[in-house]
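So the structure is just underneath, and the comments pick up after that.
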Amino acid sequence: NRRVLLEIGAFGPIAGFIVAVPTLMYGLSLSTTSSVLGLEGISFGSSFILNLCSEWILGVNPQSPNVNIHLHPIAFAGWIGLFVTALNLIPMGQLDGGHIIFALFPKQHVLLGRIFFLALFPLGYFWHGWYFWAVMVILMGFKTAPLVDDTIELSPKHKVLGLISIAIFMVTFIPVPFSVI
C-alpha cells in the first residue's frame, strides 16, 4: 500500500542524510581553504546544505570565486553521501523519490516524474552525467512499484515523512556535481 511504499522510499535516504551531514561537518572542520588562483582540477558542486555547513564551520561560501575548499577525505565522504542521497531521491520511476512522490501524489506522480525527466536535459548541458541518469530512467521505466492495496490513505505521520524526504532532496540536490577548472 502507499504507506509501506512511502516508508520504503523515505527511510533509506533519511538514514543516509542523518549519517552524511555529521560526517560532512566533521570533515569540514578538518578541511582547509585557499585562494583559487592557479589551481586546476575537479571542482565539486555545492548543495544548499554544503553551503550552509561551509559558512558555519569554515566561515566561507564555497560559491565564492576567491575561495577554494580543500575537502578532507572525511568531508568528501560526507559530500558523496549527500550526493548519492539526492540521486536516490530524484522523483522518477523506481528510485526512492519516485516511490515517495507516487505515495504522496498518486494522480500527479506521472506528470511530476516527466517534468523532472525533461529537466534533466537542460541540466545535462552543464553536467553530462544527467544524460546518463535520463537513460537510466528510460531503462528502468517511469512506473513505480505496483500496489496490492491502493485504498489505504496516508496518515499525517506518513505525509510529514514524505515532506521531510522532499526537503532533504531540495537541500542536497547539486545541479552541477562535478566540473573541471
Side-chain angles (χ1 to χ4, degrees), residues 1-21 23-24 41-51 62-63 71 76-154 158-181:
N1 62 48
R2 288 179 31 222
R3 288 181 183 182
V4 173
L5 189 63
L6 190 128
E7 290 170 359
I8 289 169
F11 284 135
I14 290 172
F17 184 78
I18 289 171
V19 171
V21 170
T23 302
L24 175 70
I42 296 175
S43 174
F44 301 105
S46 293
S47 61
F48 178 80
I49 194 75
L50 177 63
N51 290 344
Q63 301 298 329
L71 290 179
F76 180 67
W79 184 91
I80 289 289
L82 292 173
F83 178 57
V84 170
T85 296
L87 290 176
N88 196 21
L89 284 171
I90 291 175
M92 294 184 290
Q94 291 294 322
L95 297 169
D96 282 340
H99 297 324
I100 293 165
I101 291 299
F102 178 72
L104 287 172
F105 311 108
K107 292 184 172 118
Q108 295 87 8
H109 86 281
V110 171
L111 175 65
L112 294 170
R114 288 187 179 156
I115 289 170
F116 201 90
F117 175 75
L118 292 174
L120 291 177
F121 292 97
L123 284 171
Y125 175 78
F126 300 103
W127 181 60
H128 298 304
W130 293 124
Y131 297 135
F132 168 79
W133 280 96
V135 170
M136 291 299 296
V137 169
I138 289 170
L139 293 175
M140 291 187 309
F142 288 92
K143 293 183 178 182
T144 188
L147 300 179
V148 174
D149 182 3
D150 62 353
T151 61
I152 298 174
E153 294 294 321
L154 295 179
H158 285 90
K159 290 177 183 178
V160 168
L161 192 62
L163 293 176
I164 289 169
S165 300
I166 292 170
I168 289 173
F169 175 70
M170 292 172 60
V171 301
T172 59
F173 184 74
I174 306 170
V176 183
F178 305 97
S179 60
V180 178
I181 310 176

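Quantities reported herein were computed from a predicted structural model and do not represent experimental measurements. Each residue takes its place number in the sequence, starting with 1.
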> Hey, mind stepping through Phe116 and Leu112 against side chain to side chain contact (heavy atoms under 4.5 Å, CB included) and telling me if it holds?
Replying inline: CA-CA 6 Å; Phe116 201 90; Leu112 294 170; over 6 Å; no
Side-chain heavy atoms of [X] within contact of [Y], under 4.5 Å:
{"X": "Tyr131", "Y": "Val135", "result": "no"}
{"X": "Ile101", "Y": "Ile166", "result": "yes"}
{"X": "Thr172", "Y": "Phe83", "result": "no"}
{"X": "Ile14", "Y": "Leu161", "result": "yes"}
{"X": "Leu154", "Y": "Leu104", "result": "yes"}

> Can you name the closest pair of heavy atoms from Pro13 and Thr85 and give their distance?
Replying inline: O-CG2, 3.7 Å
May I ask you to decide if [Y]'s main-chain N or O and [X]'s side chain share a donor-acceptor pair within less than 3.5 Å?
{"X": "Trp79", "Y": "Gly45", "answer": "yes"}
{"X": "Trp130", "Y": "Pro175", "answer": "yes"}
{"X": "Arg3", "Y": "Glu153", "answer": "yes"}

Point-to-point distance, once rounded to the nearest 0.5 Å, from [atom1] of [X] to [atom2] of [Y]:
{"X": "Met170", "Y": "Ile49", "atom1": "CE", "atom2": "CD1", "value": "12.5 Å"}
{"X": "Met92", "Y": "Trp133", "atom1": "CE", "atom2": "CH2", "value": "8.5 Å"}
{"X": "Ile100", "Y": "Ile90", "atom1": "CD1", "atom2": "CD1", "value": "12.5 Å"}
{"X": "Ile18", "Y": "Phe11", "atom1": "CD1", "atom2": "CZ", "value": "10.0 Å"}

> Which class fits the ring pair Phe178 and Phe44: parallel under 30°, tilted 30 to 60°, perpendicular over 60°?
Replying inline: perpendicular
> Which word best sums up how the rings of Phe169 and Phe173 line up, parallel for under 30°, tilted for 30 to 60°, or perpendicular for over 60°?
Replying inline: tilted
> Is it the case that more than 12 heavy atoms not belonging to Met140 sit under 6.0 Å from its CE atom?
Replying inline: yes
> So, for Phe121 and Phe117, is the gap between ring centers shorter than 6.0 Å?
Replying inline: yes
>> Could you go through Arg114 and Leu111, starting from their C-alpha distance and side-chain angles, then the distance that decides it, and tell me whether this counts as side chain to side chain contact (heavy atoms under 4.5 Å, CB included)?
In response: CA-CA 5 Å; Arg114 288 187 179 156; Leu111 175 65; 5.6 Å; no
